[in-house]
Undergrad: 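The structure that follows is given in the form of structure tokens.
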Amino acid sequence: MLIFALIIILAVLIILERCKKINLSNMGASVFMMISISALGGLFVNESVKSVLALFVNVLGIDSKDMEFINPMFEGMSNTSVIIRLVLLLTLLIPFAIGMIYIMQAMVRRPLQRQGGELDSDYSSRCGVRLLTLGITADVCLFACLVIMVCLLIPYFELFVQSLFLFHPIVLLFVTIFTFGLGLFWLAGAFAAMNVTFLTIFFAFGLVAMSFYVFSVILGLSACVRARKVGAITTINALVYGVLCFMTGWNFIPYIILRKKLKDSTANV
């Protein structure tokens, strides 16, 4: 089952990192780990969303044989199998999240190996530059992820727009009056069934993009701390840069500026 495969892959990545087979002081290894962890998170969410939608549709009794627009993804997914999948997902959610958090903090706390005789300030500057480089890389991956998501959603966008007729005010009023509001749940189920592919792509790639955003923010904040520590920026500037770290997708601009300041501070020592 894909759920167990995701957990196994995550565990293998952590073991390889702990055994120094994947050295996070290496830029390529860090980028590989960042992309891998984000992709695993996206697949985990994909399984979760698909299972929740399948259970929702099954409970409401919406049958793909009766409604041609229902995605065949739901065929053969009984309530029992869906519930088992959801229980597994909830059970594995905590260890999965712990594994992802471990990788994130490892990239921040063990960014580079100290060179012989290297001063603390020089080491912190090198680590800060590297963290910012990884933060910029995370932003690039975020943009790439969003572009891929939009491209994949284009074929399903027309159906998504058409399905919005289910939530037309007149339809909602009619259903509310004649079903005492109970029909609203059926409308939501029909909407989910019609757009299951759209929703799974949106949520899966959305979480991958969010993972890259989280990586970018954490790396940027860590770099701000190191930059303040070596005196490359003042405390006020560190606070300003820290706030700018949260600019979704656009924080690469202050990262580039801060990266240059760190390099200049090292060159002037």
Undergrad: Excluding sequence neighbours, so at least two apart, what forms side chain to side chain donor-acceptor pair (under 3.5 Å) with K229?
TA: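 Checked K229 against side chain to side chain donor-acceptor pair (under 3.5 Å); zero matches.
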
Undergrad: Given L173, which of V171, I170, I177 fulfils the side chain to side chain contact (heavy atoms under 4.5 Å, CB included) condition?
TA: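 By the side chain to side chain contact (heavy atoms under 4.5 Å, CB included) criterion, L173 pairs with just one of V171, I170, I177: I177.
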
Undergrad: Holding to side-chain contact (heavy atoms from CB on, under 4.5 Å), I want the full list of residues that pass it with K21, two or more places apart in sequence or in another chain.
TA: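 Residues passing side-chain contact (heavy atoms from CB on, under 4.5 Å) with K21: L16, C19.
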
Undergrad: Please report the closest heavy-atom contact between R226 and S124, naming both atoms and the distance.
TA: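 So the minimum-distance heavy-atom pair works out to CD-O, 3.7 Å.
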
Undergrad: Can you tell me how far apart OG1 (T234) and CZ (R228) are? Round to the nearest 0.5 Å.
TA: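 Rounded to the nearest 0.5 Å, the OG1-CZ separation comes out at 7.0 Å.
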
Undergrad: When Ile, Leu, Val, Met, Phe, Trp and Tyr are grouped by side-chain heavy atoms lying under 4.5 Å apart, directly or through other members, which residues fall in the same group as I98?
TA: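 For the cluster that includes I98, the remaining residues are I94.
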
Undergrad: Shared ILVMFWY cluster between F32 and L131, side chains joined below 4.5 angstrom?
TA: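 They do share one cluster, since a chain of ILVMFWY contacts under 4.5 Å joins F32 to L131.
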
Undergrad: Should we count CE of M210 as having more than 12 external heavy atoms under 6.0 Å?
TA: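 Not buried by this count: 12 neighbours or fewer within 6.0 Å.
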
Undergrad: Looking at R130 and N26, what are the two nearest heavy atoms and their distance?
TA: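 Heavy-atom minimum between the residues: NH2-O, 3.7 Å.
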
Undergrad: For residues 241-260, which residue pairs pass the salt bridge (Lys or Arg N to Asp or Glu O under 4.0 Å) check, not counting sequence neighbours?
TA: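 Listed once each, the pairs are K260-D264.
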
Undergrad: Quick one: CD1 on I103 to OG on S30, what's the gap to the nearest 0.5 Å?
TA: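 Output value for this atom pair is 10.0 Å.
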
Undergrad: Could you state whether V243 and I257 fall into the same hydrophobic cluster, counting links through intermediate Ile, Leu, Val, Met, Phe, Trp or Tyr residues with side-chain heavy atoms under 4.5 angstrom apart?
TA: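 Per the 4.5 Å side-chain linkage, V243 and I257 are not co-clustered.
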
Undergrad: Find the distance between CD (Q162) and CG (L164) and round it off to the nearest 0.5 Å.
TA: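 Between Q162 CD and L164 CG, I get 9.5 Å after rounding to 0.5 Å.
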
Undergrad: What do you reckon, is CZ of F157 surrounded by more than 12 foreign heavy atoms closer than 6.0 Å?
TA: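 Open: at most 12 neighbouring heavy atoms sit under 6.0 Å from CZ of F157.
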
Undergrad: Run the ring pair (Phe, Tyr, Trp, His ring centres under 6.0 Å) test against F160 and tell me which residues pass, sequence neighbours left out.
TA: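 Listed in chain order: F191, F198.
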
Undergrad: Give every donor-acceptor pair under 3.5 Å between a side-chain atom in residues 135-154 and any protein atom, sequence neighbours left out.
TA:
unit_1: T137; atom_1: OG1; unit_2: T133; atom_2: O; d: 2.8
unit_1: D139; atom_1: OD1; unit_2: S216; atom_2: OG; d: 3.1
unit_1: D139; atom_1: OD2; unit_2: F252; atom_2: N; d: 3.2

Undergrad: Please report the shortest heavy-atom distance between N251 and C245, naming the atom on each side.
TA: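 Taking every non-hydrogen atom into account, ND2-O, 2.6 Å.
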
Undergrad: For Y241 and Y255, indicate whether the former's side chain and the latter's backbone hold a donor-acceptor pair under 3.5 Å.
TA: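 Such a contact is absent between Y241 side chain and Y255 backbone.
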
Undergrad: Write down the atom of G128, the atom of L262, and the distance for their closest heavy-atom approach.
TA: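 Taking G128 first and L262 second, the nearest heavy atoms are C-CD1, 3.6 Å.
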
Undergrad: Name all residues meeting the ring pair (Phe, Tyr, Trp, His ring centres under 6.0 Å) criterion together with F174; count only those two or more places apart in sequence or in a different chain, and write none if there are none.
TA: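 Per chain and number, F174 pairs via ring pair (Phe, Tyr, Trp, His ring centres under 6.0 Å) with F178.
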
Undergrad: Within the 4.5 Å heavy-atom criterion, are L258 and L244 side-chain neighbours or not?
TA: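 No, every pair of side-chain atoms sits at 4.5 Å or beyond.
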
Undergrad: How would you list, by chain and number, every residue that makes a side-chain contact (heavy atoms from CB on, under 4.5 Å) with T91, sequence neighbours excluded?
TA: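 Partners of T91 by the side-chain contact (heavy atoms from CB on, under 4.5 Å) criterion, ordered by chain and then number, come out as V87.
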
Undergrad: Should I253 and I256 be counted in the same cluster of Ile, Leu, Val, Met, Phe, Trp and Tyr side chains packed under 4.5 Å apart?
TA: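 Per the 4.5 Å side-chain linkage, I253 and I256 are co-clustered.
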
Undergrad: Who pairs with S222 by side chain to side chain donor-acceptor pair (under 3.5 Å), at least two apart in sequence or on another chain?
TA: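 So S222 forms no side chain to side chain donor-acceptor pair (under 3.5 Å) with any residue.
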
Undergrad: If you look at every heavy atom in M100 and I37, which pair is closest and at what distance?
TA: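 Heavy atoms of M100 and I37 come nearest at CE-CG2, 3.3 Å.
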
Undergrad: For S38, give me all partners under side-chain contact (heavy atoms from CB on, under 4.5 Å), at least two apart in sequence or on another chain.
TA: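 In terms of side-chain contact (heavy atoms from CB on, under 4.5 Å), with neighbours along the sequence ignored, S38 is linked to V208, S211, F212, F215.
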
Undergrad: Can you name the residues that form a side-chain contact (heavy atoms from CB on, under 4.5 Å) with T176, not counting sequence neighbours?
TA: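 L184.
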
Undergrad: Report yes or no: do I15 and I9 belong to one cluster of Ile/Leu/Val/Met/Phe/Trp/Tyr joined by side chain heavy-atom distances under 4.5 Å?
TA: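 They do not share one cluster, since no chain of ILVMFWY contacts under 4.5 Å joins I15 to I9.
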
Undergrad: In this structure, would Y102 and V12 fall into the same cluster of hydrophobic residues linked by side-chain contacts under 4.5 Å?
TA: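 Shared cluster, yes.
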
Undergrad: Distance check, rounded to the nearest 0.5 Å: L219 atom CG versus M104 atom CE?
TA: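 Answer rounded to 0.5 Å: 9.0 Å.
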
Undergrad: In Å and rounded to the nearest 0.5 Å, what is the CG to CG distance from L43 to L10?
TA: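 The CG atom of L43 sits 12.0 Å away from the CG atom of L10.
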
Undergrad: Give, for atom CE of M107 and atom CG of L134, the distance between the pair rounded to the nearest 0.5 Å.
TA: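 Rounded to the nearest 0.5 Å, the CE-CG separation comes to 5.0 Å.
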
Undergrad: Do the non-hydrogen side-chain atoms of N195 and Y156 ever get within less than 4.5 Å of each other?
TA: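 The answer is no, as the side chains (C-beta and beyond) never meet within the 4.5 Å cut-off.
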
Undergrad: Which heavy atom in I233 sits nearest to a heavy atom in N237, and how many Å separate them?
TA: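 Heavy atoms of I233 and N237 come nearest at CB-CB, 3.9 Å.
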
